[in-house]
Amino acid sequence: MILFPVEKFYPNYRRKLFGGDDIKNLDVYASPTDRKLGVVKDALVDGNGIFRYLVIDLKFGEISKQILVPVTSSLVDYNERRVYVHQLNREKIKALPEYNETTQVDETYRQQVERIFNSLVSMS
């Protein structure tokens, strides 16, 4: 599956998909009462235009890296300008592979990310 930054697939995504809002630069939290973990840097869509991942720029204690978060593992709250990635903690952040614009998001990479998010409850 080939992934594209949202803006390359949908040049007018803000107006067309989000009514003028933007997913980029929203703050990321594990829950409403937790501290900020980072910000949404981008969103990735597949060749059919389906949102698959959020690119999160993390700044969590001594950890600073970009990760992919499956869209299905997040909740966007535009009123609060936040994205919640429930049960995301230090251990899971460390286990997630680092992402950058040159990362080849192949099947192995996707399986690793999905396995970590599918095991959120058992890793807590």
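By convention here, the first residue in the shown sequence is residue 1. Everything numeric here is computed off the predicted structure, so don't read it as measured data. Below, all heavy atoms of this structure are taken into account, side chains as well, without hydrogens, waters or symmetry copies.
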Between Tyr13 and Asp22, a side-chain donor and acceptor under 3.5 Å: yes
Say you draw a straight line from [atom1] of [X] to [atom2] of [Y]; how long is it, rounded to the nearest 0.5 Å?
X     : Y      : atom1 : atom2 : result
Ile67 : Asn100 : CD1   : CG    : 13.5 Å
Ile93 : Glu98  : CD1   : CD    : 12.5 Å
Leu44 : Met1   : CG    : CE    : 10.5 Å
Leu75 : Ser31  : CG    : OG    : 12.0 Å
Ser74 : Leu88  : OG    : CG    : 11.0 Å
Leu37 : Tyr29  : CG    : OH    : 8.5 Å

Single-linkage hydrophobic cluster, 4.5 Å side-chain cutoff, Tyr109 and Val71 together: yes
What is the minimum heavy-atom distance between [X] and [Y], and which atoms define it?
X      : Y     : result
Val85  : Val28 : CG2-CG1, 4.0 Å
Gln112 : Ala95 : NE2-O, 3.7 Å
Pro32  : Arg82 : O-NH1, 3.6 Å

pair Leu26-Val76: side-chain heavy atoms closer than 4.5 Å: yes
pair Gln111-Val113: side-chain heavy atoms closer than 4.5 Å: no
Side chain to side chain contact (heavy atoms under 4.5 Å, CB included) between Tyr84 and Asp77, worked out: CA-CA 8 Å; Tyr84 297 104; Asp77 183 341; 4.0 Å; yes
Contacts under 3.5 angstrom, residues 48-62 side chains, donor-acceptor by atom type, not counting sequence neighbours:
unit_1 : atom_1 : unit_2 : atom_2 : d
Arg52  : NE     : Asp46  : OD2    : 2.9
Arg52  : NH2    : Asp46  : OD2    : 2.8
Tyr53  : OH     : Glu114 : OE2    : 3.1
Asp57  : OD1    : Lys59  : NZ     : 3.3
Glu62  : OE1    : Arg90  : NH1    : 3.2
Glu62  : OE2    : Arg90  : NH1    : 3.3

Lys36: salt bridge (Lys or Arg N to Asp or Glu O under 4.0 Å) partners, not counting sequence neighbours: Asp27
N/O donor-acceptor pair under 3.5 Å between Asn12 side chain and Arg15 backbone: no
Donor-acceptor pair, side chain of Lys24 and main chain of Val39, under 3.5 angstrom: no
Stepwise side chain to side chain contact (heavy atoms under 4.5 Å, CB included) test for Asp42 and Tyr99: CA-CA 12 Å; Asp42 208 342; Tyr99 173 82; over 6 Å; no
Electrostatic pair Glu91:Lys94 at N-O distance under 4.0 angstrom: no
Residue Lys41 excluded, over 12 heavy atoms near NZ under 6.0 Å: no
